[in-house]
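Hydrogens, waters and symmetry mates play no part in the numbers below; they use all other heavy atoms, side chains included.
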Amino acid sequence: AAGGLLKNADFSARAADNKTLPADWQVAKGDQGLYVVVDDDGFGGADSLHYQAPQAVACGPVTQTVTCDKNTDYLLTAALKSDGVCKPRVQVYARDLDRPVVNLISRGEKTWKVYTAAFNSGAATKLEVQLYGDEAIVGSGKATVGSSGLDEVQLYRVADAPKELQAAQ
């Protein structure tokens, strides 16, 4: 069976030119101090993406873009962890449609919690998976002071998703 569409979903691979950043994910230059890969606090393995902001500076998402089939059912899954303040958000944005098609938002659990959501791609041919350290950043464009973790971020065709994830729907 085919696996997920996202590369380096568990953040175990590092960018060749900067070992604090995840391979295959895009991190804007200004955000590189806010999002780092850590190897001592993961959901499945030891690695995860850690968000830490000491002050409310400009901030955007960490992203990865994949091609998708139109009018197809997909499943987004992610393990999220909060400091009690920051509620990490994983959003799938359809550039062709100029809007988000689905998102997962932490409820503030201080231990790793897996979230999943199903959606249909509609007319979209490309999907941008956007990782935010806190849901408020989506609207404000500013970092929320605090920290959070994101791990095991993956996008599946529903037909290819692991059975336990399909059952969670």
Side-chain angles (χ1 to χ4, degrees), residues 1-28 31-32 34-52 59-69 72-83 86-95 100-107 109-121 124-135 137-138 147-169:
L5 302 179
L6 295 173
K7 295 178 184 158
N8 197 24
D10 63 357
F11 302 101
S12 59
R14 305 292 194 268
D17 58 341
N18 186 336
K19 296 301 176 206
T20 67
L21 298 176
D24 301 304
W25 293 87
Q26 304 303 310
V27 185
D31 298 340
Q32 291 183 2
L34 300 171
Y35 296 99
V36 296
V37 179
V38 297
D39 63 5
D40 58 358
D41 181 24
F43 171 70
D47 302 285
S48 66
L49 184 68
H50 186 71
Y51 164 84
Q52 174 108 41
C59 181
V62 172
T63 63
Q64 187 175 147
T65 302
V66 296
T67 55
C68 68
D69 296 324
T72 302
D73 292 323
Y74 287 91
L75 195 63
L76 174 67
T77 182
L80 305 175
K81 185 176 172 181
S82 171
D83 61 355
C86 292
K87 293 179 177 157
R89 172 178 177 142
V90 178
Q91 173 168 288
V92 177
Y93 196 89
R95 287 268 166 231
V101 287
V102 70
N103 62 67
L104 304 172
I105 303 171
S106 165
R107 291 188 204 93
E109 293 93 348
K110 293 184 181 180
T111 54
W112 289 106
K113 170 111 169 68
V114 175
Y115 290 85
T116 59
F119 68 98
N120 188 283
S121 56
T125 57
K126 274 193 162 63
L127 299 172
E128 182 178 88
V129 178
Q130 303 173 329
L131 313 181
Y132 290 92
D134 180 59
E135 61 163 341
I137 299 167
V138 178
S147 64
S148 65
L150 303 96
D151 201 4
E152 304 291 340
V153 179
Q154 193 50 275
L155 192 59
Y156 297 97
R157 281 189 186 83
V158 166
D160 298 333
K163 293 287 173 255
E164 65 271 17
L165 286 178
Q166 292 184 24
Q169 285 309 295

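- What you find for L21 and V37 is that their closest heavy atoms are C-CG2, 3.6 Å.
- In this structure, the side chain of D73 does not engage the main chain of V158 through any donor-acceptor pair within 3.5 Å.
- The CG atom of D151 sits 8.5 Å away from the CG atom of L49 when rounded to the nearest 0.5 Å.
- Considering all non-hydrogen atoms of both residues, V90 and A78 come closest at CG2-CB, 3.8 Å.
- A salt bridge links D47 with R14: at least one charged nitrogen is closer than 4.0 Å to a carboxylate oxygen.
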Note to self: K113 vs L80, test: side chain to side chain contact (heavy atoms under 4.5 Å, CB included). Steps then yes/no.
What the structure shows: CA-CA 5 Å; K113 170 111 169 68; L80 305 175; 5.8 Å; no
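- With a 4.5 Å cut-off on side-chain heavy atoms, L150 and Y132 do not count as touching.
- The shortest side-chain heavy-atom distance between R157 and D69 falls under the 4.5 Å cut-off.
- Between the side chain of Q32 and the backbone N or O of V27, at least one donor-acceptor pair lies under 3.5 Å.
- A 4.5 Å side-chain heavy-atom check between T72 and Y74 finds at least one atom pair inside the cut-off.
- At least one donor-acceptor pair closer than 3.5 Å links the side chain of D134 to the backbone N or O of K87.
- In this structure the side chain of V62 never reaches within 4.5 angstrom of the side chain of D31, judged on heavy atoms.
- Atoms OG and NE2, from S148 and H50 in turn, are 7.5 Å apart once rounded to the nearest 0.5 Å.
- No side-chain donor-acceptor contact under 3.5 Å links W112 to the backbone of G149.
- The nearest pair of heavy atoms linking F11 to P22 is CD2-CB, 3.7 Å.
- Side-chain atoms of Y156 and T116, non-hydrogen and from C-beta on, never get closer than 4.5 Å to each other.
- When side chains are defined from C-beta on, Y115 does not count as touching I105, because their heavy atoms never get closer than 4.5 Å.
- Between L165 and Q154 there is no side-chain heavy-atom pair separated by less than 4.5 Å.
- Note: T65 OG1 to K126 NZ = 8.0 Å, rounded to the nearest 0.5 Å.
- Closest of all the heavy-atom pairs between N8 and D24 is CB-OD2, 3.7 Å.
- Of the candidates Q26, Q64, R89, Q91, Q130 forms a side-chain hydrogen bond (donor to acceptor under 3.5 Å, both in side chains) with just one, namely Q91.
- Rounded to the nearest 0.5 Å, atoms OH (Y93) and CG (L127) are 12.0 Å apart.
- Taking both residues in full, the closest heavy atoms of C59 and L34 are given as SG-CD1, 3.6 Å, listed atom of the first, atom of the second, then distance.
- Taking the six-membered ring where tryptophan is involved, the planes of Y51 and Y35 are tilted, since the angle between them lies from 30° to 60°.
- Under the side-chain contact (heavy atoms from CB on, under 4.5 Å) criterion, D83 pairs with V85, C86, S147, not counting sequence neighbours.
- Closest approach of L75 and A161 over heavy atoms only: CD2-CB, 3.7 Å.
- For the atom pair CG (L76) and CG (N103), the distance works out to 8.5 Å, reported to the nearest 0.5 Å.
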